[in-house]
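Some notes on the structure that comes next.
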Amino acid sequence: MLGTRKLLASLAAAAILATGFTAASPASPAGAAEAAVPATIPLTITNSSGRTDPVYIYNLGTNLTTGQQGWADANGTFHAWPAGGNPPTPAPDASIAGPANGQSVTVRMPKFSGRVYFSYGQKLVFKLTTGGLVQPAVQNPADPNRDILFNWTEYTLNDAGLWINSTQVDMFSAPYAVGVRLPNGTTKTTGHLKAGGYNGFYDSLRSQPGGWANLIQTRADGTVLRALSPGHGIGSGLLPASVMDDYINRVWSRYTTSTLTVTPFGDQPNTKYFGRVSGNVMNFTNAAGAVVTSFQKPDADSVFGCYKLLDAPNDLVRGPISRTLCAGFNRSTLLVNPNQPDTSAANFYQDAVTNHYARKIHAQMADGKAYAFAFDDVGAHESLVHDGDPQQAYITLDPFN
């Protein structure tokens, strides 16, 4: 399991990324041979969607050799983005013709930290500012991609191997799965929904009281496009900002008189931090009793996005404690278990106040795994596959029913 945040918790309305798309995988160990992973590997995209509209593929990200942002063509050749402007200027057309229904195409995947987007029916609109690429941000009604059916996978390919995942951190949309073929010929896969899972998720979300159905976006012709993540729902006014307040208040009350113990590293059972609430602040101390970090009482947006009042820097203390708290809040395990993280799925989402979006996504996954919020990898419940010597990567565009 990667010890750092691998996903972007929340894209702002402008969604400008200056340094890349996914958090990096671990660096190659000192002295490790760097010739094991070639400059590019094949990526096969198979269209099993059942849809007849054309598919467009984009491989966008940061070149891990040069640090430049750009895109890769079908041959895996890197192209740096030109300078952008203010207002944003159109980006070059980086699309690759995708496979027709029942067909596959194979392209080359270079050493990138990036995203592979796919869209149905029409090309996506990308623009460039002076700060970098402007991503689709469909929580904004004015975004030019609002009525396009699309999705993406996130990956890092470097000298240490391939990490590729399916993600619902920002939205649940067109279904797909990812995979990697190992040197022994076997393939690891994740991301497939159960039979009927696509419609099952939307039906379940529609029936959830409290505004959760408002997360679903449709096109004028009735096509269901996606469900926004709850953080984007709060930011767009679709979900009440108070949706998690009752649970947050109960957690704060509980740990005013008792201690929350966090053991953030599975391979370091003796590294523990102890949380107690005083007023509006939860202070964490180490074994010596020294305060190592403190958290203001979070709001729902901080919980769903794992940021703001639950910010998680890439350090060895605050970040690991924060990611543990974030997982506990989203899964509603902080009241049933004072020892965190609680990695037993049997305890997840049992409170009436919880991240119902994440709960319903996991319930529809064939292997139970998903990236429904940024730190869904706590306890290895994320939809990620990895291999240090990848022979080939796969994306399967799955059926919608």
Side-chain angles (χ1 to χ4, degrees), residues 1-2 6-7 21-22 25 41-51 53 55-61 96 98-107 109 112 114-120 149-157 161-182 185-202 204 224-227 229 345 357-358 360-373 376-377 380-387 390-401:
M1 181 177 99
L2 299 184
K6 295 179 289 296
L7 298 176
F21 298 85
T22 61
S25 60
I41 64 171
L43 166 64
T44 296
I45 301 122
T46 299
N47 187 347
S48 300
S49 69
R51 299 183 66 90
D53 30 7
V55 173
Y56 302 95
I57 306 295
Y58 303 80
N59 190 354
L60 316 178
I96 300 168
N101 182 49
Q103 303 296 315
S104 298
V105 298
T106 298
V107 300
M109 173 185 281
F112 255 23
R115 288 179 174 177
V116 177
Y117 281 90
F118 60 92
S119 64
Y120 290 96
L149 180 64
F150 72 97
N151 214 333
W152 68 84
T153 180
E154 298 182 323
Y155 78 93
T156 294
L157 177 67
L162 173 68
W163 290 257
I164 185 168
N165 61 259
S166 64
T167 175
Q168 300 85 26
V169 168
D170 287 289
M171 66 183 190
F172 177 95
S173 187
Y176 70 98
V178 296
V180 57
R181 180 161 56 85
L182 283 57
T186 62
T187 300
K188 300 176 185 176
T189 61
T190 191
H192 290 295
L193 292 164
K194 296 176 181 178
Y198 181 75
N199 290 331
F201 167 78
Y202 286 112
S204 182
V224 175
L225 295 169
R226 65 191 64 89
S229 66
Y357 169 89
K360 295 172 187 297
I361 288 174
H362 279 277
Q364 299 298 340
M365 302 307 296
D367 60 5
K369 296 191 173 185
Y371 255 124
F373 61 92
D376 223 348
D377 59 335
H381 295 277
E382 77 278 24
S383 50
L384 170 79
V385 289
H386 160 67
D387 191 69
Q391 305 299 296
Q392 186 163 3
Y394 301 93
I395 300 173
T396 303
L397 312 183
D398 276 347
F400 284 68
N401 53 31

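Quick note: residue numbers are just sequence positions, from 1.
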- [ ] Check the pair F150 / Y58 against side-chain contact (heavy atoms from CB on, under 4.5 Å), numbers first and verdict last.
- [x] CA-CA 11 Å; F150 72 97; Y58 303 80; over 6 Å; no

Rounded to the nearest 0.5 angstrom, the OG1-CD1 distance for T153 and I395 is 5.5 Å

OH of Y394 to OG1 of T189, rounded to nearest 0.5 Å, is 10.5 Å

In terms of heavy-atom contacts, Y120 and A174 come closest through CE1-CB, 3.8 Å

T167 and N165 side chains, donor-acceptor separation under 3.5 Å: no

Q.
Between F373 and V169, does the side-chain contact (heavy atoms from CB on, under 4.5 Å) criterion hold? Intermediate values first, please.
A. CA-CA 5 Å; F373 61 92; V169 168; 5.8 Å; no

Output for pair (Y198 OH, L193 CG), nearest 0.5 Å, gives 9.5 Å

Smallest heavy-atom separation, K360 atom then S204 atom, equals NZ-OG, 2.7 Å

| task | Answer yes or no: is there a side-chain heavy-atom contact under 4.5 Å between L43 and V116? | result | yes

Scanning both residues in full, the closest heavy-atom pair of R51 with F400 reads CD-CE1, 3.4 Å

When rounded to the nearest 0.5 Å, the distance separating CG of L162 from NZ of K188 is 10.0 Å

Audit row: Y371, S166, side-chain contact (heavy atoms from CB on, under 4.5 Å) steps and yes/no
CA-CA 7 Å; Y371 255 124; S166 64; over 6 Å; no

For this session: Decide whether S229 and Q168 meet the rule of one side-chain donor and one side-chain acceptor closer than 3.5 Å.
Result: no

Exercise. Would you find a donor on one side and an acceptor on the other, under 3.5 Å apart, between the side chain of H381 and the backbone of D376?
Worked result: no

message: Just checking Y202 against F172, ring centres under 6.0 Å apart?
response: yes

TODO: Could you tell me whether the side chains of S48 and T396 share a donor-acceptor contact shorter than 3.5 Å?
DONE: no

Here the pair of heavy atoms bringing M365 nearest to K194 is O-CE, 3.6 Å

**Message:** For L384, is there any backbone N or O sitting under 3.5 Å from a side-chain donor or acceptor partner on K369?
**Reply:** no

Self-check item: Geometric class of the Y117/W152 ring pair [parallel <30°, tilted 30-60°, perpendicular >60°]
Solution: tilted

Those residues at least two apart in sequence (or on a different chain) that pass side-chain hydrogen bond (donor to acceptor under 3.5 Å, both in side chains) with N151 are none

In this structure, CD1 of I41 is separated from CE of M109 (nearest 0.5 Å) by 5.5 Å

Interatomic distance, CD1@I45 vs CD@Q103, rounded to 0.5 Å, equals 13.5 Å

**Prompt:** Is the gap between the ring centers of F118 and Y176 under 6.0 Å?
**Reply:** yes

_Please tell me whether S383 and T190 have a donor and an acceptor in their side chains that are separated by less than 3.5 angstrom._
no

Are a donor atom and an acceptor atom from the side chains of D398 and H192 found within less than 3.5 Å of each other?
yes

Practice prompt. Could you tell me whether the side chain of Y155 reaches within less than 4.5 Å of the side chain of V178, counting heavy atoms only?
Written response: no

